[in-house]
Engineer: 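Have a look at the structure that comes next, please.
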Amino acid sequence: MLILLPPSETKRDGGEGAPLEQLLVESALAFPELNAIRKRVVAATVSLARKPKVCAEVLKLSPKQMGEVDRNKAVKTSPTMPAIDRYTGVLYDGLGAINLPAEARTFLGEHVLIQSALLGPVRALDLIPAYRLSFDSKLPSLAAGTLKKAWAEASNKALAKKLKEKPQMVLDLRSEGYSALTPLAPAENTVYLRVVTKGENGQLRALNHFNKKGKGEFVRALAKDAAVTSSLENVEQLISWAATKNFIMEPGESVTKEWPAELNLVVSGVVQKLC
């Protein structure tokens, strides 16, 4: 099983890992065939950070967030930490990877890819620096024009090659903006996970804040039960496993030419319980 996660705008400071420029030389990140693009995106990010006012406008930073400019300026030389620990925010707080046991973290490293706007798809335990960049950020010196144009074709080929070499179920938890950076072709064993709640009339309703929290908690449960979940091969097995952990999962929309099949994670009463 391969799980695709979005990144988060908020990130932890610090780290003890080698700087990004060294990691790229050593091809230490997933999909080293993407390193040329990574270097171009990183260079464009650093170039923008040398113009603080323009950078703040492009990245939509408030005066209190100007420290993000300094992060980007030092992105090639600052210390790194595992991606799954670097990202914070609702989804990653729900996942709580930093306090998971070693076996669960190994599962994350082997089964989770995170879609970074800066670095493309990276493994959960790949070392990355702190940075600020979103899927729709516009880097003036990036020759491709947009991050989607920079990443989409090459990242799609890299992921398709991985799945051809090792066919497996793909569970996509990314937002649509980040999905566009590494688009997935519809396939029988590929599903897009939505977190929904069921109203009194039985109708499903999409969630926002609790969507992210539900996704994080679901991935945490998968990681904690790694001995079982590492061998899940298809959606039917995933749904059956989820039921043993008190998760309600239901098939959603069917496969279309534009989008993989959908799988609903139904969170009953979450709004009333947590608001």
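The residues of the chain are indexed from 1 along the displayed sequence. Reckoned from all heavy atoms, side chains included, excluding hydrogens, waters and symmetry mates.
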Engineer: Please tabulate, for the side chains in residues 40-53, all donor-acceptor contacts under 3.5 angstrom to protein atoms that are two or more places apart in sequence or on a different chain.
Structural biologist:
from, atom 1, to, atom 2, distance (Å)
Thr45, OG1, Val41, O, 2.8

Engineer: What is the ring orientation for Phe218 with Phe247, classed by angle as parallel under 30°, tilted 30 to 60°, or perpendicular over 60°?
Structural biologist: perpendicular

Engineer: For the atom pair CD1 (Ile3) and CG (Leu108), what is the distance rounded to the nearest 0.5 Å?
Structural biologist: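 If we round to the nearest 0.5 Å, Ile3:CD1 and Leu108:CG are 7.5 Å apart.
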
Engineer: Check whether Trp151 reaches the backbone of Thr182 with its side chain - one donor and one acceptor, N or O, closer than 3.5 Å.
Structural biologist: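 No.
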
Engineer: Let me confirm one number: the CG-CE distance from Leu171 to Met1, rounded to the nearest 0.5 Å.
Structural biologist: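 Here the interatomic distance stands at 7.0 Å.
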
Engineer: Would you say Glu57 has more than 12 foreign heavy atoms packed within less than 6.0 Å of its CD?
Structural biologist: no

Engineer: Tell me if a side-chain donor or acceptor on Glu21 pairs with a main-chain N or O of Pro19 at a distance below 3.5 Å.
Structural biologist: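 No, because the side chain of Glu21 does not come within donor-acceptor range (under 3.5 Å) of the backbone of Pro19.
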
Engineer: Is any side-chain heavy atom of Leu173 closer than 4.5 Å to a side-chain heavy atom of Leu91?
Structural biologist: no

Engineer: Rounded at 0.5 Å granularity, tell me how far NZ in Lys157 sits from CD in Glu33.
Structural biologist: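 Spacing of NZ (Lys157) from CD (Glu33) equals 11.5 Å.
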
Engineer: Is any side-chain heavy atom of Leu59 closer than 4.5 Å to one of Val69?
Structural biologist: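 No, every pair of side-chain atoms sits at 4.5 Å or beyond.
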
Engineer: Say whether, by atom type as modelled, one donor and one acceptor occur between the side chain of Thr88 and the main chain of Thr10 under 3.5 angstrom.
Structural biologist: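 Indeed, once roles are kept as given, a pair shorter than 3.5 Å links the two residues.
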
Engineer: For the backbone of Glu262 and the side chain of Arg194, can you confirm whether one donor and one acceptor N or O come within less than 3.5 Å of each other?
Structural biologist: no

Engineer: Side chains of Leu24 and Arg38: does their closest heavy-atom pair fall under 4.5 Å?
Structural biologist: yes

Engineer: Look up atom CG in Leu23 and atom OG1 in Thr80, then write down how far apart they are to the nearest 0.5 Å.
Structural biologist: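 The CG atom of Leu23 sits 5.0 Å away from the OG1 atom of Thr80.
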
Engineer: Would you check if the side chain of Ser231 reaches a backbone N or O of Val228 as a donor-acceptor pair within less than 3.5 Å?
Structural biologist: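 Yes, because the side chain of Ser231 sits within donor-acceptor range (under 3.5 Å) of the backbone of Val228.
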
Engineer: Once rounded to the nearest 0.5 Å, what's the spacing between atom CG of Asn72 and atom CG of Leu139?
Structural biologist: 9.0 Å

Engineer: For the pair Arg105 (side chain) and Ala97 (backbone), establish whether a donor and an acceptor sit closer than 3.5 Å, ignoring hydrogens and angles.
Structural biologist: yes

Engineer: Would you say Ser116 and Tyr131 are linked by a side-chain donor-acceptor pair, where the criterion is simply a distance under 3.5 Å?
Structural biologist: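 Yes.
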
Engineer: Quick one: CG on Leu2 to CG on Asn189, what's the gap to the nearest 0.5 Å?
Structural biologist: 11.0 Å

Engineer: Salt-bridge test for Lys162 and Glu165: reply yes if a basic N is under 4.0 Å from a carboxylate O, no otherwise.
Structural biologist: no

Engineer: Would a distance-only check, ignoring hydrogens and angles, find a side-chain to backbone donor-acceptor pair under 3.5 Å from Asp126 to Ala30?
Structural biologist: yes

Engineer: Check for a donor-acceptor pair, side chain of Arg86 on one end and backbone N or O of Arg12 on the other, with a separation under 3.5 Å.
Structural biologist: yes

Engineer: Short question: side chain of Ser78, backbone of Ala74 - any donor-acceptor pair under 3.5 Å?
Structural biologist: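 Side chain of Ser78 to backbone of Ala74: a pair is present.
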
Engineer: For a 4.5 angstrom cut-off between non-hydrogen side-chain atoms, does Leu193 reach Val191?
Structural biologist: no

Engineer: Show every salt bridge (Lys or Arg N to Asp or Glu O under 4.0 Å) that has at least one partner inside residues 219-244, sequence neighbours left out.
Structural biologist: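 Those involving residues 219-244 are Asp225-Lys245.
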
Engineer: I'd like to know if the side chain of Tyr192 reaches the main chain of Arg174, judged simply by a donor and an acceptor atom lying under 3.5 Å from each other, with no hydrogens or angles considered.
Structural biologist: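 Present.
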
Engineer: Would you call Lys212 and Asp93 a salt bridge, using N to O less than 4.0 angstrom?
Structural biologist: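 Salt bridge absent between Lys212 and Asp93.
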
